[in-house]
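Every heavy atom of this structure was used, including side-chain atoms; hydrogens, water molecules and symmetry mates were not. Read the numbers this way: they start at 1 and go in the same order the structure lists the ligands and their atoms.
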Amino acid sequence: MTADRTKRNCLAVILAAGESTRMKSSQSKVLHPVAGRPMIAHVVDALARAGISDIALVLGRDAEKVEAAARNAAVSSSVHIQTERLGTAHAVLAAREAIARGYDDVLVVFGDTPLITEAPLVAARDGLAHGADVVVIGFETADPTGYGRLIVENDELVAIREHKDASEAERAITYCNGGLMAIDGRKALDLIGRIGNSNAKGEYYLTDIVEVVRAAGGRAVAVEAPEEELTGCNTRAELAVIERLWQQRRRHEMMLDGVSMIAPETVFLAYDTEIGRDVTIEPNVVFGPGVTVESGAVIHSFSHVEGAHVSAGAEVGPYARLRPGANLGEGAKVGNFCEVKKAEIGAGAKVNHLTYIGDAFIGARTNIGAGTITCNYDGINKHVTRIGADAFIGSNSALVAPVSIGDGAYIASGSVITADVPDDAVAFGRARQENKEGRAALIRARNQAIKDAKKKAAP
Ligand code: UD1
Ligand code: CA
């Protein structure tokens, strides 16, 4: 045995064969998203960060979808179906084939605890490297109701008592089982195989491994992790708690990394949101997946940003919507009530008010007037609008794609542009204005006469 964890190999067994009954959902709970990504993907990510590359997934319902959601380039995984749900020990044995390949460490984790980080997983494996046979990840809590209690004597874990089987004195214990544990990989199958089901629920409890290993002369210990990391998800209400905790944690990390948030509790991040230094995020901003914001940019209030890149010094909002493929150059501006989709907005270009830009390329420093619309969709296909640098698009113009507007070109306000406009040209795509001298007074007099006649006729 080596005392160096990094020289030991490890299989992580993720238990996710539950029915998710209390979620009242048409899909397995581990598929429900936290920060825009399935819960189980967060668990796999924590394992990958802890340096674990082999994973056995124990699945029940929605196995194919869960397997896809758990896919991660850094790990190789095998799927094991638990057909009958006879308890957590029985679930681990569903992965017997994988465990039998022979590992130094077997780490058992739950698919429904997505806030777990690498630190407790590493600590549990370190416990094995230092000679324990079983290391259980525990937590202290104010309300231990429902959890298995950790019974510790002289730094050794002597038993885990499930709430239903605990005595009055044991129920007073606030040190609880988080459900995650590391087991000596060479002994795991033998130890788990000895677990019986004589308990209140008639289930094979993995937690009984503690008494089993001690009876065999082995040693079990507990390592403590923050309660938050072991928060499990059984209901939608708990899912919302997990989301809140995840958001708090990530906002805090970002602020420590140099991002300003005026009201952080109103900013919602996705699992992969990347924000640079000296970016200011105003209150009430929502980030969907796939967003990067470079240093010094400002995201004003009430903006919704997804699948977009915002370059250094650019400004977004208030009330802007950036959809997938929006790519703002340095110092570009997308202002209030503007929507941008799959479009490049050149450096220093301005799209300031009430505009839709979709499937477009806009050159540097170009100004897009209020109410401009790229008509990109003909009902069947999408078409591209190209606008050069230093162009000026007058307000309320409709640019009917496919269409190109050259560098330095001007588009008269209210134009409907259906043909390409060369560099430096001015395009008028609207009816010519006509003024009829005195005509307004005539209309007014006629309308007044109609109103008077109606009044006279009334009884
Ligand atoms: C478990 C622990 C308890 C701990 C608590 C922490 C046991 C016996 N009890 O209780 O000590 O305090 O977690 O949250 O381990 N699963 C299967 N197949 C099964 C049974 C369970 O895949 O046959 C999966 C579930 O989907 C879930 C996990 O194992 O992801 C835990 O099972 P669950 O029934 O929720 O255990 P708890 O009663 O919460
Ligand atoms: Ca549970």
Side-chain angles (χ1 to χ4, degrees), residues 12-23 25 27-32 38-40 42-44 56-63 66 70 79-96 107-116 120 134 136-141 143-152 157 159-166 170-171 173-181 183 191-192 195-212 220 222 224-235 238-239 241-242:
V13 180
I14 305 182
L15 304 190
E19 284 295 324
S20 312
T21 319
R22 283 176 289 166
M23 288 294 277
S25 174
Q27 56 176 0
S28 162
K29 66 179 164 187
V30 300
L31 291 171
H32 284 257
M39 215 181 291
I40 194 155
H42 289 268
V43 176
V44 175
L57 294 162
V58 177
L59 307 180
R61 66 183 288 191
D62 300 325
V66 175
V79 172
H80 311 269
I81 304 296
Q82 187 194 20
T83 40
E84 270 181 304
R85 222 175 158 271
L86 302 179
T88 44
H90 180 261
V92 176
L93 288 181
R96 178 187 294 278
L107 190 63
V108 179
V109 303
F110 293 168
D112 64 353
T113 41
L115 296 175
I116 192 74
V134 171
V136 170
I137 302 177
F139 64 99
E140 280 288 348
T141 180
D143 180 14
T145 310
Y147 292 111
R149 307 301 204 281
L150 300 186
I151 301 172
V152 178
L157 183 59
I160 303 176
R161 196 78 71 232
E162 288 306 304
H163 184 87
K164 282 192 174 152
D165 303 294
E170 287 166 341
R171 285 189 180 182
I173 297 171
T174 53
Y175 194 20
C176 293
N177 175 25
L180 286 56
M181 67 172 77
I183 307 167
L191 293 173
I192 299 169
I195 292 172
N197 67 347
S198 47
N199 52 53
K201 278 167 96 182
E203 283 189 4
Y204 295 88
Y205 288 162
L206 180 62
T207 46
D208 284 351
I209 196 171
V210 173
E211 281 161 293
V212 167
E224 192 182 334
E227 178 177 10
E228 174 185 312
E229 292 197 25
L230 296 163
T231 309
C233 179
N234 297 305
T235 64
E238 285 168 359
L239 179 62
V241 169
I242 287 171

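By the side chain to side chain contact (heavy atoms under 4.5 Å, CB included) test, Ile81 is found to be paired with Leu59, Ala63, Val79, Thr83, residues two or more places apart in sequence or in another chain being considered. Qualifying side chain to side chain donor-acceptor pair (under 3.5 Å) partners for Thr145, counting only residues two or more places apart in sequence or in other chains: Asp143.
The closest heavy-atom contact to atom 34 (O) of ligand 1, among the options Glu203, Arg85, Lys29, comes from Arg85. Counting heavy atoms only, Thr88 comes closest to atom 7 (C) of ligand 1 of the residues Asp208, Thr113, Thr88, Ile137.
Counting all heavy atoms, side chain and backbone alike, Ala222 lies closest to Leu150 at CB-CD1, 3.9 Å. His32 approaches Ser25 most closely through the heavy-atom pair NE2-OG, 2.9 Å.
Shown in contact with Tyr147 at under 4.0 Å from a heavy atom are these atoms of ligand 1, numbered in order with element: 6 (C), 12 (O), 14 (O). Less than 4.0 angstrom separates some heavy atom of Asp112 from each of these atoms of ligand 1: 30 (O). For ligand 1, the atoms lying closer than 4.0 Å to a non-hydrogen atom of Gly18 are 22 (O), 26 (O).
Leu86 counts as a contact of ligand 1, since one of its heavy atoms falls under 4.0 Å from the ligand. Remark: distances from the non-hydrogen atoms of Gly178 to ligand 1 include one below 4.0 Å. Under a 4.0 angstrom heavy-atom cut-off, Cys176 registers as lying outside contact with ligand 1.
Remark: side-chain polar atoms of Lys29 are not paired, donor with acceptor, to backbone N or O of Asp112 under 3.5 angstrom. Thr88 places a side-chain N or O within donor-acceptor distance of the main-chain N or O of Leu206, the cut-off being under 3.5 Å. Side-chain N or O atoms of Arg149 include one that pairs as donor or acceptor with a backbone N or O of Arg171 at under 3.5 Å. For Asp165 (side chain) and Ala200 (main-chain N/O), a donor-acceptor pair under 3.5 Å exists by modelled atom type. A donor-acceptor pair under 3.5 Å is formed between the side chain of Asn199 and the backbone N or O of Glu203.
On a distance-only criterion, Asn234 and ligand 1 share no N/O pair closer than 3.5 Å. The N/O atoms of His90, backbone and side chain alike, include none that comes under 3.5 Å of an N/O atom in ligand 1. Taking any N or O of Phe110, backbone or side chain, none lies under 3.5 Å from an N or O belonging to ligand 1. Considering backbone and side-chain atoms together, Thr207 places no N or O closer than 3.5 Å to any N or O of ligand 1. Annotation: Leu206 places no N or O atom under 3.5 Å from an N or O atom of ligand 1; distance criterion only. Considering backbone and side-chain atoms alike, Gln82 places an N or O below 3.5 Å from some N or O of ligand 1. Residue-to-ligand polar distances place Gly148 within reach of ligand 1: an N/O pair is separated by less than 3.5 Å. The distance criterion of under 3.5 Å between nitrogen or oxygen atoms is met by Gly87 with respect to ligand 1.
Rounding to the nearest 0.5 angstrom, the gap separating the CD1 atom in Ile183 from the CG atom in Leu191 is 7.5 Å.
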